[in-house]
Asks: 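One structure, as structure tokens, below. Some questions next.
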Amino acid sequence: MTIFFILFLLAFGTLSASAQGEEPWRNNGHIELGFSQDAWNMEIGYARMFTPYMGVGASVLMDNEYNGKSLVDYLMESYTDESDYDPDDIMRFSLIPSLILRTPVLPLSKRTDRGDGVLLQVEPALMFSVPVNESEDVPDADFIAQIPAQKDGFHVYTVPTVRVKNTGGKWFYWRMKASLGYKQGAGFFYVAYSLSDYSVYDSRRNIRLKGKPVHNFPKRKFCGTVSVGVSLSF
């Protein structure tokens, strides 16, 4: 549903610009792929520029944790298909309204077409993330403790699970992103780095059973993300 909403905004912006004869830089759509310490993410967004150097934007971000692995191990297992899908993988979605500030385009040579060159873009933004408090099936610790030690042979037990829910989940964050790239015609190809107080683990960080935390997620003060993307003006 979110993707259809973004496509609607892009289509509406295109029709509006065509009807009003607006400059092509006023409407922008972008898509990017990023990697942080704990998750990979994909972002799709739309921006409306009031001048060539300032505007506002809104994007939707989806991120998926590495399932407790390093980025290298996660990518290797995905490539070799050694890991199965885990329904307990954490996936969150964020709505991100932002302010967009751009520098003038710096041409790389005198032969470069007017308007083409390198530019820097900075985006202070807010993040509204869901889900906030997720539930999870956790093995019943009391049942496990009652299983007698087997001195000879072994027995197979079906361990029951207990449904527990996270409490005090966080849903509101800030983000600062800087993008450096090359603009050619209607396209802008860039690399970006963003810093925020966001964590993909916040929807399950405080899941507890018998007063004890179920997970030992890393605690980070800031989340840094490196991404690559493309933006089109219309």
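As a basis for the values below, the full set of heavy atoms in this structure was taken, side chains included, without hydrogen atoms, waters or symmetry mates. Start at 1 with the first residue, then count along the sequence.
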Asks: Would you sort out whether Phe172 and Leu126 count as a side-chain contact (heavy atoms from CB on, under 4.5 Å), showing the intermediate values?
Replies: CA-CA 7 Å; Phe172 179 72; Leu126 301 176; 3.9 Å; yes
Asks: So, Tyr190 versus Glu32: side-chain donor-acceptor pair below 3.5 Å or not?
Replies: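 Present: a donor and an acceptor within the cut-off.
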Asks: With side chains defined as the heavy atoms from C-beta onward, is the minimum distance between Ile31 and Val230 less than 4.5 Å?
Replies: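 In contact.
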Asks: Out of curiosity, Ser94 OG to Trp171 CH2, how far, rounded to the nearest 0.5 Å?
Replies: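 If I round to the nearest 0.5 Å, the distance is 12.0 Å.
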Asks: Between Cys223 and Ser36, what is the shortest heavy-atom contact and its length?
Replies: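 That closest heavy-atom pairing would be SG-CB, 3.8 Å.
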Asks: Please check if any side-chain donor atom of Ser199 sits under 3.5 Å from a side-chain acceptor atom of Arg220, or the reverse.
Replies: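 No pair is found: no donor N or O on one side chain lies under 3.5 Å from an acceptor on the other.
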Asks: Identify the heavy atoms of Ser98 and Ala125 that sit nearest to each other, and give their distance.
Replies: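 Heavy atoms only, the tightest pair is CB-CB, 3.5 Å.
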Asks: Between Phe35 and Leu33, is any pair of side-chain heavy atoms under 4.5 Å apart?
Replies: yes
Asks: Could you go through Asp63 and Arg92, starting from their C-alpha distance and side-chain angles, then the distance that decides it, and tell me whether this counts as salt bridge (charged side-chain N to carboxylate O under 4.0 Å, His left out)?
Replies: CA-CA 6 Å; Asp63 61 341; Arg92 301 187 78 190; over 6 Å; no
Asks: Are side-chain heavy atoms of Ser129 and Phe93 found at a separation under 4.5 Å?
Replies: no
Asks: Aromatic rings Phe234 and Tyr46: how do their planes relate, parallel, tilted or perpendicular, breaks at 30° and 60°?
Replies: tilted
Asks: Hey, are the side chains of Leu119 and Leu106 touching, using non-hydrogen atoms and a 4.5 Å cut-off?
Replies: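 In short, these two side chains do not touch, never coming nearer than 4.5 Å.
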Asks: Can you get from Phe189 to Ile44 by hopping between Ile, Leu, Val, Met, Phe, Trp and Tyr side chains that sit under 4.5 Å apart?
Replies: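 Per the 4.5 Å side-chain linkage, Phe189 and Ile44 are co-clustered.
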Asks: When you compare the side chain of Gln121 with that of Ile100, does any pair of heavy atoms fall below 4.5 Å?
Replies: yes
Asks: Treating Asp116 as the side-chain partner and Gly185 as the backbone partner, does any N or O pair qualify as donor plus acceptor under 3.5 Å?
Replies: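 Yes, the answer is positive, given that a donor and an acceptor are paired below the 3.5 Å cut-off.
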Asks: Hey, does Tyr198 have a side-chain heavy atom less than 4.5 Å from the side chain of Val200?
Replies: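 Yes. Closest side-chain heavy atoms under 4.5 Å.
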Asks: In sequence, state the C-alpha distance, the side-chain angles, and the governing distance for Asn27 and Arg48, and then conclude on side-chain contact (heavy atoms from CB on, under 4.5 Å).
Replies: CA-CA 5 Å; Asn27 299 283; Arg48 172 70 174 179; 3.2 Å; yes
Asks: Could you state the interatomic distance from CG (Leu120) to OG1 (Thr103), rounded to the nearest 0.5 Å?
Replies: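 Rounded to the nearest 0.5 Å, the CG-OG1 separation comes out at 5.0 Å.
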Asks: Show, in sequence, the C-alpha distance, side-chain angles and deciding distance for Lys170 and Tyr201, and conclude whether the side-chain contact (heavy atoms from CB on, under 4.5 Å) test is met.
Replies: CA-CA 10 Å; Lys170 189 175 179 181; Tyr201 300 123; over 6 Å; no
Asks: How far apart are the closest heavy atoms of Leu195 and Trp174, and which atoms are they?
Replies: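 Looking at all heavy atoms of both residues, the closest pair is O-CZ3, 3.2 Å.
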Asks: Step through it carefully: locate the ring centre of Phe188, locate the ring centre of Tyr182, and say whether they are under 6.0 Å apart.
Replies: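 Judged by ring-centre distance (under 6.0 Å), Phe188 and Tyr182 do not meet the cut-off.
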Asks: When rounded to the nearest 0.5 angstrom, what is the spacing between CD in Glu65 and CG in Asp38?
Replies: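 Between Glu65 CD and Asp38 CG, I get 8.5 Å after rounding to 0.5 Å.
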Asks: So how far is it from Ile96 CD1 to Met127 CE, rounded to the nearest 0.5 Å?
Replies: 4.5 Å
Asks: Drop me the distance from Ser179's OG to His30's NE2, to the nearest 0.5 angstrom.
Replies: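 Rounded to the nearest 0.5 Å, the OG-NE2 separation comes to 8.5 Å.
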Asks: Is there a donor-acceptor contact under 3.5 Å linking the side chains of Asn28 and Ser233?
Replies: yes
Asks: In plain terms, say whether Glu134 and Lys165 are close enough for a salt bridge, that is, a side-chain N and a carboxylate O under 4.0 Å apart.
Replies: no
Asks: Less than 4.5 Å apart, any side-chain heavy atom of Val118 and any of Leu180?
Replies: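 Contact flag for Val118/Leu180 side chains = yes.
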Asks: Any Lys/Arg nitrogen of Glu43 or Arg175 sitting under 4.0 Å from an Asp/Glu carboxylate oxygen of the other?
Replies: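 Salt bridge: yes.
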Asks: State whether a side-chain donor-acceptor pair under 3.5 Å links Asn166 with Arg205.
Replies: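 Asn166 vs Arg205: no donor-acceptor pair found between side chains.
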Asks: Test side-chain contact (heavy atoms from CB on, under 4.5 Å) on Val162 and Leu209 and set out the steps.
Replies: CA-CA 9 Å; Val162 179; Leu209 184 64; 4.2 Å; yes
Asks: Calculate, to the nearest 0.5 Å, the distance between atoms CG and CD1 belonging to Asp202 and Ile90 respectively.
Replies: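 Asp202 CG to Ile90 CD1: 9.5 Å, rounded to 0.5 Å.
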Asks: Side chain of Arg204, backbone of Ser135: donor and acceptor closer than 3.5 Å?
Replies: no
Asks: Could you check whether any side-chain heavy atom of Met62 comes within less than 4.5 Å of a side-chain heavy atom of Met91, counting everything from C-beta outward?
Replies: yes
Asks: Any sub-3.5 Å donor-acceptor pair from Gln37's side-chain atoms to Gly224's backbone N or O?
Replies: yes
